[in-house]
Amino acid sequence: MKTLHNGIDRLEFLLVIEAVLQHRTITRAAQALDVSQSALSHTLARLRTRLGDPLFVRVGGEMRPTPLVTRLAEPIGRSLRIIRDEVLSPPSFDPATTTRVFNVCVGEVGAFIIVPRVLRLLRERAPHAHIVALDVSRREIVPALEEGRLDVAIGYYPELKTSLYQQQLFTRTFVGIVRDDHPRIGQRLTLRQLRSVALVRSPGTLAINRWLDNRLGGADREAVVMEMPYVMALAPILAESDWMGIVTEELVPAFRKLAPLRAVELPAGLPRIPVRQHWHRRYKDDAANRFIRQAIYDALNEA
DNA sequence: ACTGTCTCACCAACGGGCGT
DNA sequence: ACGCCCGTTGGTGAGACAGT
């Protein structure tokens with residue numbers, strides 16, 4: 001069988017050189033490596049053949065390194081230190097001291113609803129950690145999670161299945177929102193009213209929009225529909241008009257702070273949207289990733 | 001004589017190559 | 001994909017050899 005290289009191609013060889021350098025006898029080096037003297041002698045013999053150098057020669061009562069080993073001693077020690085410290089010892093994760101930046105994909109709505117709660121919880125559990133909220137396109141989510149550019153993606157992504165794990169955080173219910181003194185809309189809305197009211201649709205409501213299209217679309221639709229990509233921009237529009245917005249229920253308090261607006265109950269049958277956090281299987285057991293997932297879950301599910 | 005190293009014979013495990 | 005063959009590796013114990 002061919003070997004990969006003619007020189008040092010095994011970690012054991014580095015360990016042998018290090019041990020003999022340190023202990024200066026094959027017997028003691030063998031004890032330190034927990035092998036027999038004979039086994040270590042064999043390994044040394046193989047290494048001698050490969051490197052074409054005696055490596056260690058007996059001088060007096062000890063094995064002295066040749067110039068080649070003397071020259072290799074420092075890089076070998078450095079390499080083994082790196083392997084021990086950074087490869088063999090799994091990086092520890094301590095929430096109390098971590099300064100890690102967690103990249104979390106949330107849409108605009110999530111930024112309003114989820115991020116403040118997570119931040120509040122992180123102040124207690126990981127006071128030096130940072131959260132970066134990113135709005136990553138649906139197409140980019142899987143590669144970003146896989147490459148570690150994202151720690152978790154939160155939202156309604158029914159198409160994300162392969163190679164991702166997911167956990168449901170909560171279900172989102174939707175309400176209508178209109179100005180306080182809207183002349184024609186009361187506390188709840190019938191399907192017939194929904195057909196005739198001028199609608200401003202916000203992002204993050206893909207499934208709702210589909211439902212609306214099915215129920216209200218085509219020839220049945222009597223009023224106009226406007227698409228508004230920025231949720232919070234709905235507030236001034238609705239406050240100054242008779243239009244109605246459809247937003248997730250959790251946003252109502254934020255809208256009411258911005259303008260004199262009120263919630264309206266929508267007709268029965270409107271779907272409830274499960275909001276889940278998604279992460280890549282590569283990071284399933286990663287301590288930091290597990291921490292932020294748990295923090296997000298707790299932040300959204302604690303009473 | 002004692003201690004440490006090397007060599008020999010042998011064994012088990014592993015992995016690549018190959019045929020099925 | 002699986003089993004077989006075979007070379008390599010890494011181990012053991014025993015004994016030879018060398019230095020103190």
Side-chain angles (χ1 to χ4, degrees), chain A residues 1-94 100 138-153 157-168 276-291 293:
Chain A
M1 186 197 287
K2 281 184 182 175
T3 55
L4 293 173
H5 307 283
N6 290 324
I8 299 174
D9 61 357
R10 285 166 196 279
L11 188 57
E12 287 91 333
F13 288 162
L14 302 186
L15 294 170
V16 164
I17 290 175
E18 186 195 47
V20 179
L21 267 171
Q22 192 180 342
H23 296 281
R24 297 293 166 133
T25 78
I26 303 295
T27 302
R28 283 205 299 273
Q31 285 166 353
L33 293 170
D34 199 25
V35 292
S36 68
Q37 177 274 325
S38 177
L40 186 55
S41 181
H42 265 300
T43 305
L44 204 53
R46 280 191 292 270
L47 197 47
R48 282 169 171 148
T49 306
R50 293 214 183 173
L51 293 179
D53 186 274
L55 303 178
F56 294 93
V57 291
R58 206 164 160 184
V59 178
E62 66 175 37
M63 300 296 277
R64 291 256 178 94
T66 63
L68 175 68
V69 172
T70 305
R71 189 159 51 78
L72 291 176
E74 196 279 327
I76 286 175
R78 187 161 22 97
S79 305
L80 288 173
R81 260 197 314 282
I82 291 170
I83 290 166
R84 287 187 180 111
D85 295 347
E86 298 178 24
V87 179
L88 297 179
S89 321
S92 60
F93 175 77
D94 179 10
R100 198 182 185 288
R138 303 179 90 86
R139 240 189 355 191
E140 261 299 296
I141 285 176
V142 173
L145 287 170
E146 187 193 353
E147 291 160 21
R149 286 183 280 125
L150 269 184
D151 291 293
V152 291
Y157 303 112
E159 74 278 17
L160 296 187
K161 287 203 175 77
T162 52
S163 69
L164 294 187
Y165 287 97
Q166 56 177 273
Q167 178 187 38
Q168 184 160 323
R276 303 185 178 101
Q277 58 177 341
H278 305 75
W279 63 96
H280 197 272
R281 62 182 176 203
R282 279 180 67 191
Y283 299 92
K284 172 176 160 278
D285 295 317
D286 177 73
N289 195 282
R290 285 169 62 168
F291 167 78
R293 273 147 41 199

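Remember, predicted model here, so these are calculated numbers, not experimental data. The sequence lines fix the lettering, A, B, ..., with proteins before strands; numbering per chain opens at 1.
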| task | Report yes if at least one side-chain N or O of A:Thr43 is closer than 4.0 Å to OP1 or OP2 of C:dT9; otherwise report no. | result | no
| Under 4.0 Å: is that the gap between some side-chain N or O of A:Arg24 and OP1 or OP2 of B:dG4? | no
| field | salt bridge (Lys or Arg N to Asp or Glu O under 4.0 Å) partners of A:Arg139, counting only residues at least two apart | value | none
| message | Report for the helix from B:dA1-C:dT20 to B:dT20-C:dA1: angle between first-end and last-end helix axes, five pairs each, rounded to 10 degrees. | response | 20°
| message | Is the shortest side-chain heavy-atom distance between A:Pro65 and A:Leu55 below 4.5 Å? | response | no
| request: Apply side-chain hydrogen bond (donor to acceptor under 3.5 Å, both in side chains) to A:Thr66 and list each qualifying residue two or more places apart in sequence or on a separate chain. | output: A:Asp53
Pairwise N/O distances under 3.5 Å, protein to nucleotides 8-11 of chain B:
| unit_1 | atom_1 | unit_2 | atom_2 | d |
| --- | --- | --- | --- | --- |
| B:dC8 | N4 | A:His42 | NE2 | 2.7 |
| B:dA9 | N6 | A:His42 | NE2 | 3.2 |

| request: Please collect all side chain to side chain donor-acceptor pair (under 3.5 Å) contacts where either partner lies in residues 15-26 of chain A, sequence neighbours excluded, each pair once. | output: A:Glu18-A:Arg84
| request: Using a 4.0 Å heavy-atom cut-off across all strands, classify A:Arg28 as base, sugar-phosphate, or nothing. | output: nothing
Listing time: all N or O pairs from protein to nucleotides 15-20 of chain C that are below 3.5 Å?
| unit_1 | atom_1 | unit_2 | atom_2 | d |
| --- | --- | --- | --- | --- |
| C:dT20 | OP1 | A:Gly60 | N | 3.1 |

| To the nearest angstrom, how far is A:Leu44 atom CG from B:dG4 atom P? | 16 Å
| said: According to side-chain hydrogen bond (donor to acceptor under 3.5 Å, both in side chains), who are the partners of A:Glu140, at least two apart in sequence or on a separate chain? | reply: A:Arg149
| query | Do the side-chain N or O atoms of A:Thr25 get closer than 4.0 angstrom to the phosphate oxygens (OP1, OP2) of B:dT3? | reply | no
| query | With sequence neighbours excluded, what pairs up with A:Asn289 under the side-chain hydrogen bond (donor to acceptor under 3.5 Å, both in side chains) test? | reply | A:Arg293
| Separation of atom CG in A:Leu55 from atom P in B:dC6, rounded to whole Å | 10 Å
| request: Would you check, one step at a time, whether the test salt bridge (Lys or Arg N to Asp or Glu O under 4.0 Å) holds for A:Asp151 with A:Arg290? | output: CA-CA 10 Å; A:Asp151 291 293; A:Arg290 285 169 62 168; over 6 Å; no
| Considering residues at least two apart in sequence or located in another chain, which fulfil the side-chain hydrogen bond (donor to acceptor under 3.5 Å, both in side chains) criterion with A:Asp94? | A:Thr97
| side-chain contact (heavy atoms from CB on, under 4.5 Å) partners of A:Glu74, counting only residues at least two apart | A:Arg78
| task | Mind checking ring-ring contact (aromatic ring centres under 6.0 Å, His included) for A:His42 and listing every partner two or more places apart, or none if nothing turns up? | result | none
| field | ring-ring contact (aromatic ring centres under 6.0 Å, His included) partners of A:Phe291, counting only residues at least two apart | value | A:Phe93
